[in-house]
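Below is one structure, written out as C-alpha cells, with a few remarks after it.
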Amino acid sequence: MAAPLSSITDILFTDTKRTRFTTNTNTNTATTNSNPNPLKPKTLRKKFPIYCTTSKSTPEAASTTTKKNPSLSEQLTPLANKTLSTSIGIQPNVLSKPKSTWVNPTKPKRSVLSHQRQKRAPYSYTPQLRDFQLFAQKINECGNSDDEFSDMVKEIPHTLTRENALLVLNSLKPWPKTHMFLHWMRTQNLIPMETIFYNVTMKSLRFGRQFQLIEELAHQMFDDGIELDNITYSTIISCAKKCNLFDKAVYWFERMYKTGLMPDEVTYSAILDVYAKLGKVQEVINLYERGRATGWKPDPITFSVLGKMFGEAGDYDGIRYVLQEMKSIGVQPNLVVYNTLLEAMGKAGKPGFARSLFEEMIESGVEPNEKTLTAVIKIYGKARWSRDALELWERMKENGWPMDFILDMKQSEHTKPDSYSYTAMLNIYGSEGDVDSAMELFEEMSRLGIQLNVMGCTCLIQCLGKAMEFDDLVRVFDVAIERGVKPDDRLCGSLLSVLSLSQGSKDDEEKVLSCLRKANPKLVAFIQLIVDEETRFEAVKEEFKVIMSNASVEVRRPFCNCLIDICRNKDLQERAHELLYLGTLFGLYPGLHNKTNSEWCLDVRSLSVGAALTALEEWMWTLTKIVQREEALPEFFLAQTGTGVHKFAQGLNISFASHLKKLAAPFNPSEEKAGCFVATREDLIYWVRSKFSSAAVAT
DNA sequence: GATCGGATAC
C-alpha cells in the first residue's frame with residue numbers, strides 16, 4: 001500500500017487559506033481590471049478576482065518546490081491556482097496544454113485522482129448457470145428468517161466456486177438475501193473471500209438504502225484484511241448520498257485517501273456530487289481544478305454534476321464555464337448533460353440561452369427525451385413564450401419525440417403525476433388563449449386528484465378572463481381556494497387585470513370582485529376608493545402607498561397599470577393621471593422618459609394600454625407647455641410602444657396609434673424602427689401653434 | 001435491476 005496521503009479536508013482547508021491570501025495580495029490589480037472574465041462562475045469570481053497572477057511568484061509556491069516530500073495539498077495548491085487562471089479562458093493560448101502549469105516539470109507531482117479507471121475482470125462462464133439461477137430464485141422466494149434461509153441454502157446444487165458465488169450474489173434480489181448469503185459464504189469458509197463479493201452485496205444493500213449494514217461490511221473488510229477498492233468506496237459513498245448522509249460520504253472519501261488509495265474518476269465525480277449537494281461550490285471547483293491540473297480529462301458525468309450545481313445556485317456564469325470547459329477539453333455533451341444544463345439555464349432565468357442550447361443539442365444529433373422536453377416546455381412556459389412552446393409541441397409531433405411526458409408519469413407506479421408539468425401546460429394553453437384545452441386539463445387534474453398550484457390557478461384565471469368566461473373563472477377560483485391554494489400577489493394581479501377587461505357588465509365585474517375580495521380585501525377597498533370621484537388625491541396617495549408597500553415588488557407595476565386601466569374604463573381620466581403620477585413617484589416606471597440632447601423619448605413598453613395612453617396625454621400636455629413657454633427642445637421626439645410580441649403589450653402599438661390620431665398629434669410610425677412613433681421639433685411646434693390658433697379662432 | 005461503482009425534471 002502507498003503511504004497515507006493528506007486528507008481531503010486538509011487540502012481544502014489549506015487551499016481556502018491560500019486562496020484568501022492570494023486574493024488579498026492582489027486586490028488592487030483586481031479592482032482595476034475593468035474587463036472581468038464573463039465565463040467565471042460566481043464563486044470563482046468572488047474568491048479569485050484575478051486570473052492572470054502567476055503562482056510561481058508567490059512565496060508558498062516557491063517553498064513547495066524546495067521541499068523534498070511535499071504533501072499532496074502542498075503539491076496541488078499552486079497548481080490549482082495556476083489552472084484557475086488558464087483553464088477558464090483568460091489566456092486561451094495556455095488552455096490546451098495544462099501540463100505547462102507544472103511548477104517543476106522534472107519532478108512529476110502526485111495526482112489527486114487516478115486517470116485509469118479500475119480494471120474489471122472479464123465475466124467468466126459458469127457451466128452450471130441454469131442450476132444456480134434456479135437456486136437463487138428459490139432463495140429469493142423463501143422467507144426472510146434465518147431458519148428458512150439455512151434450510152434453503154443447503155440445497156446448493158454444486159460446489160461453490162468464485163463464479164457461482166458471483167452469479168448467486170448478483171441474482172439475489174431483496175437485500176436481506178444477498179446479505180445473508182454473503183454472511184453464509186464467510187462463515188462456511190468454502191472459498192477465499194474477495195473484494196468483489198462485498199461489492200456486489202453492497203450494491204444490493206444500497207438498493208435497500210441500508211447504509212449502516214454497508215458500513216458494517218466495510219469494517220468487516222478492514223478486520224479481515226480484504227482490500228477495499230474504488231468500486232467499494234464509490235458504492236459506499238453513493239449509498240451515503242442516497243441516504244442523505246453526506247457527512248458519511250465525505251468521511252469515507254477522506255478515509256480512502258488516508259489508506260493511500262487514489263480515487264479514480266468514478267469515485268471522484270461521486271464525491272464532487274456530494275460536495276455539490278452540500279452546497280460547497282468552492283470546494284467542488286477546487287477539486288475539479290485540481291484534477292484538471294494533473295491532466296485529468298473529465299467525462300460527461302462530471303460535467304453533469306457541475307452543471308447541476310451551478311443550476312441550483314442560479315449561476316449563469318458557472319453554466320457557461322461548464323460549457324466552455326467541455327468545448328476546450330473536447331467532450332461532447334450527451335443527453336443527460338444537455339438535460340442538466342437546460343434545467344440549469346431555466347433555474348438561472350436564461351430562456352434565450354436555453355433555447356439556443358436546445359437547438360444545438362438537436363443539431364448535434366442528440367435525441368431529446370421526456371426530461372428534456374419537460375424542462376424546455378417549462379422554461380418557455382415560465383418565460384411566457386407561448387409561440388416557442390407551441391412550435392416545440394408541433395416539432396414533437398413531427399419528429400415523434402415523446403409527446404406523452406405527462407402520460408408517462410400517469411402510468412408509472414413510482415412517479416406521481418406531475419403537478420408541475422400540468423402547470424407548464426396550463427401556462428402554455430393559457431398564454432395562447434386556448435380556454436378549452438386549459439379547462440380540459442383543469443378537469444383532468446380534478447379527476448386525477450392532482451394538486452392545482454397557485455401558478456396554474458393564475459394561468460387559468462388569466463386565460464378565462466381574456467375569454468370573458470366569468471362563471472368558469474369564479475368556479476376555478478373557488479375550487480382552488482377549497483383545495484388549499486393560497487392566493488398570492490400574482491394571482492391578485494391577474495384578477496385585477498381581468499377586472500380591467502370586464503368593462504360594461506356590472507354583473508361580471510362583481511363576479512371578479514368577489515374573488516378578489518377573498519384574496520385581497522384591501523385591494524378591493526382601494527378600488528372602491530379610487531373609483532369614487534369624491535375621494536381626494538391625498539387620500540388616494542396614502543392608500544396607494546400602503547397597497548404598494550404590501551405588494552411584492554414584481555407585481556407593483558402591473559397593479560398600477562391595471563388600476564389605471566380600470567379608471568379609464570370608467571372615464572375617470574383625472575384619477576388615471578393621478579395614479580400614473582403616483583406610480584412614477586414610487587419608482588414603478590423607471591425609464592419612462594429618456595432625454596438626450598438631440599432626442600426625447602417616451603418609452604411605454606412596460607405600460608398597459610390605459611397607462612400608455614395616460615402617459616401620452618401627459619407628455620403632449622407637458623410638451624405643449626414647453627412650446628408655449630418657448631423653452632429649449634431637442635430636434636427629435638420618439639414614442640416607443642414595442643411591436644407587441646410580449647403578451648401584455650399586444651395591441652399596444654395599435655391603440656397608441658389610434659390615440660395619436662385622436663389627439664391629432666404629429667407623430668408618425670418610424671420607417672426604420674418598428675414599434676416607434678417619431679416627430680420633429682418643427683412638427684411639434686406647428687402642431688401646438690395651430691391647435692391654439694384654431695382654438696383662438698373658435699372662441 | 002442480468003453481468004462490481006458515479007450524473008438529469010417537480
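Chain A is the first sequence line, chain B the second, and so forth, proteins listed ahead of strands; every chain is numbered from 1.
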Between [X] ([atom1]) and [N] ([atom2]), how many Å, whole number?
X         : N      : atom1 : atom2 : answer
Glu325(A) : dA7(B) : CD    : P     : 21 Å
Tyr275(A) : dG6(B) : OH    : C1'   : 16 Å
Asp299(A) : dG5(B) : CG    : C1'   : 12 Å
Met309(A) : dA7(B) : CE    : C1'   : 13 Å
Phe253(A) : dG6(B) : CZ    : C1'   : 12 Å
Leu272(A) : dA7(B) : CG    : C1'   : 11 Å
Leu205(A) : dG5(B) : CG    : P     : 14 Å
Ile301(A) : dG6(B) : CD1   : C1'   : 5 Å

For [N], does OP1 or OP2 lie under 4.0 Å from any side-chain N or O of [X]?
X         : N      : value
Lys378(A) : dA9(B) : no
Arg117(A) : dG5(B) : no
Lys308(A) : dT8(B) : yes
Lys119(A) : dC4(B) : no
Lys371(A) : dA7(B) : no

Over all strands shown, is [X] touching base, sugar-phosphate only, or nothing at heavy-atom distances under 4.0 angstrom?
X         : answer
Asp229(A) : nothing
Lys242(A) : nothing
Asp264(A) : base
Thr267(A) : base
Asp273(A) : sugar-phosphate
Ser269(A) : base
Thr340(A) : sugar-phosphate
Arg206(A) : sugar-phosphate

*What heavy-atom pair brings Leu426(A) and Ala438(A) nearest, and what distance separates the two atoms?*
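Scanning both residues completely, I find the closest heavy atoms to be CD2-O, 3.5 Å.
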*Can you find a side-chain donor-acceptor pair between Ser114(A) and Asp264(A) that sits under 3.5 Å?*
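Distance-only check fails for Ser114(A) and Asp264(A).
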*asked:* Within the 3.5 Å criterion, strictly below it, is a donor on Thr340(A) or Ser304(A) matched to an acceptor on the partner's side chain?
replied: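 Side-chain D/A pair, Thr340(A) to Ser304(A): present.
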*asked:* Taking atom types as they are modelled, would you say the side chain of Asn334(A) forms a donor-acceptor pair with the base of dA7(B) within the 3.5 Å cutoff?
replied: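 Indeed there is one.
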*Does any N or O donor sit under 3.5 Å from an N or O acceptor when you compare the side chain of Ser234(A) with the base of dG5(B)?*
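In this structure, the two groups form a donor-acceptor pair.
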Spacing of the [atom1] atoms in [M] and [N] (rounded, Å):
N       : M      : atom1 : answer
dC10(B) : dG6(B) : C1'   : 23 Å
dG1(B)  : dG5(B) : C1'   : 15 Å
dT8(B)  : dC4(B) : C1'   : 24 Å

*Step through the shown structure and confirm whether more than 12 heavy atoms of other residues, nucleotides or ligands are within 6.0 Å of CZ on Arg490(A).*
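Atom CZ in Arg490(A) is not crowded, with 12 or fewer foreign heavy atoms closer than 6.0 Å.
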*Rounded to the nearest 0.5 Å, what's the gap from CE on Met256(A) to CD1 on Ile236(A)? Could you check?*
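Spacing of CE (Met256(A)) from CD1 (Ile236(A)) equals 9.5 Å.
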*asked:* So does Val454(A) get a backbone contact from the side chain of Thr458(A), meaning a donor-acceptor N/O pair under 3.5 Å?
replied: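 Side chain of Thr458(A) to backbone of Val454(A), a donor-acceptor pair under 3.5 Å: yes, one is there.
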*Side chain Asn339(A), main chain Pro368(A), donor-acceptor under 3.5 Å*: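 Pair absent, no side-chain N/O of Asn339(A) close to backbone of Pro368(A).
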*With Asp229(A), which of Thr195(A), Asn199(A), Thr267(A) fulfils side chain to side chain donor-acceptor pair (under 3.5 Å)?*
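Testing each of Thr195(A), Asn199(A), Thr267(A) against Asp229(A), the sole residue satisfying side chain to side chain donor-acceptor pair (under 3.5 Å) is Asn199(A).
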Kindly point out which of [options] is positioned nearest to the side chain of [X]?
X         : options                 : answer
Val336(A) : dC4(B), dA7(B), dA9(B)  : dA7(B)
Val305(A) : dA7(B), dT8(B), dC10(B) : dA7(B)
Val266(A) : dG5(B), dA7(B), dA9(B)  : dG5(B)

*Which pairs count as salt bridge (Lys or Arg N to Asp or Glu O under 4.0 Å) when at least one residue sits in residues 172-190 of chain A, sequence neighbours excluded?*
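Every salt bridge (Lys or Arg N to Asp or Glu O under 4.0 Å) pair that includes a residue of residues 172-190 of chain A, provided the two are not neighbours, is Arg186(A)-Asp224(A).
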Sub-3.5 Å pairs of nitrogen or oxygen atoms, protein against nucleotides 1-3 of chain B:
residue	atom	partner	partner atom	Å
dT3(B)	OP1	Lys203(A)	NZ	3.2

*If you find the nucleotide of DNA chain B closest to Ser304(A) and the one closest to Ala121(A), which residue's nucleotide is nearer the 5' end?*
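Of the two residues, Ala121(A) wins.
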